[in-house]
Amino acid sequence: MTPPAGADAPLFPLRSVVLGAFVPTLVLEIGIGAMLPVVAVTATGRGASLTVAGLVAALVPIGKILFDLPAGALAQRLGDRTAMLLAGGVAVVAFTTVALTPNLWGLAAGVLALGASTAVFNLARQAYLTEITPPLRRARVLSTLAGVHRIGLFLGPFAGAAVIAATDVRGAYWLGAGRCRGRGDPRRRAPGTGSGGARRVRPRARPGAA
């Protein structure tokens, strides 16, 4: 009996999965995790009440919810790679805006844009992994991606605290901007990707297979 296509390949190929998906996701979530604990502090420093500061902090998940459906349409139209690069650029601009703007509205707009860019990035990354991973391994690869996402959010506040201790609160936002710039391009790490930025898995010919 012929084994399923790709059954003898590594579960987590280094270039296409680890460097092309897991590492950029970890880097992104560290940046988001570094920012989240200080959003409310920044908002109160710019004149917000505690209630409004909590609302500003909630704009990250609100942005994700609002842009989940548009993110799917954007990734389908532009391709996974282009959508991820666009999301990375928006995130860098949003982090920079949050760090430099002196008013509350600029902070709120930047935080909302971060939620939106995260939605686009995560959806495109999942689509990329779905396309390059054999069907029987997709559940394990995608569940590992979710674990990497949570590990990044866990490590982020510690990284942010270290930067803030050496600089000030804005250092957490600059850390996030730097992390977004270093998220990586899966096309560089997975040769043979198509216009959508994902490499199709082709069955490997096996001697004696019918």
Side-chain angles (χ1 to χ4, degrees), residues 19 21-71 74-75 83-126 144-185:
L19 296 180
F22 292 166
V23 170
T25 299
L26 178 67
V27 166
L28 165 67
E29 297 306 332
I30 288 175
I32 296 294
M35 177 203 72
L36 288 177
V38 297
V39 170
V41 175
T42 304
T44 55
R46 296 178 187 179
S49 65
L50 291 179
T51 302
V52 174
L55 178 61
V56 172
L59 287 176
V60 171
I62 289 174
K64 291 181 181 180
I65 293 171
L66 291 178
F67 282 86
D68 269 338
L69 289 178
L74 184 67
M84 284 185 279
L85 293 176
L86 178 62
V90 171
V92 171
V93 172
F95 270 117
T96 304
T97 301
V98 169
L100 295 180
T101 184
N103 58 67
L104 185 61
W105 288 109
L107 172 66
V111 173
L112 183 66
L114 280 171
S117 66
T118 302
V120 175
F121 181 85
N122 288 340
L123 187 143
R125 188 68 68 179
Q126 291 172 24
T144 303
L145 178 68
V148 171
H149 168 88
R150 287 162 177 79
I151 291 171
L153 286 178
F154 173 78
L155 295 176
F158 296 99
V163 173
I164 291 171
T167 57
D168 57 13
V169 172
R170 290 185 179 183
Y173 302 122
W174 292 122
L175 173 65
R179 296 299 84 194
C180 288
R181 291 188 63 184
R183 284 196 287 190
D185 179 354

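The first residue of the sequence shown is numbered 1, and numbering continues consecutively from there. Just so you know, these numbers come straight off a predicted model, no measurement behind them.
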List the atom pairs, donor and acceptor, that lie under 3.5 Å between side-chain atoms in residues 84-101 and the rest of the protein, sequence neighbours left out.
unit_1 : atom_1 : unit_2 : atom_2 : d
Thr96  : OG1    : Val92  : O      : 2.8
Thr97  : OG1    : Val93  : O      : 2.8

Who are the side chain to side chain contact (heavy atoms under 4.5 Å, CB included) partners of [X], not counting sequence neighbours?
X	value
Ala159	Ile30, Leu175
Ser49	Thr51, Val52
Ile65	none
Ala83	Ala75, Val120, Ala124

Could you give the side-chain donor-acceptor pairs of residues 54-61 under 3.5 Å, partners two or more places apart or in another chain?
none

Provide the closest heavy-atom pair for [X] versus [Y] in the form atom of the first, atom of the second, distance.
X	Y	result
Asn122	Leu28	OD1-CD2, 4.1 Å
Ala71	Leu123	O-CD2, 4.1 Å
Ala172	Val163	N-CG1, 4.2 Å
Leu153	Gly33	CD2-N, 4.0 Å

Checking Glu29 now: which residues fulfil side chain to side chain donor-acceptor pair (under 3.5 Å) with it, not counting sequence neighbours?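 Expected list: His149.
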Report the distance from atom CG of Leu112 to atom CG of Leu107, rounding to the nearest 0.5 Å.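 Spacing of CG (Leu112) from CG (Leu107) equals 11.0 Å.
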Which ring pair (Phe, Tyr, Trp, His ring centres under 6.0 Å) pairs, counting each pair once, include a residue from residues 21-67, with sequence neighbours left out?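 Listed by first then second residue: Phe12-Phe22.
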Pairs flagged by side chain to side chain donor-acceptor pair (under 3.5 Å) wherever residues 151-174 is involved - sequence neighbours left out: Thr42-Tyr173
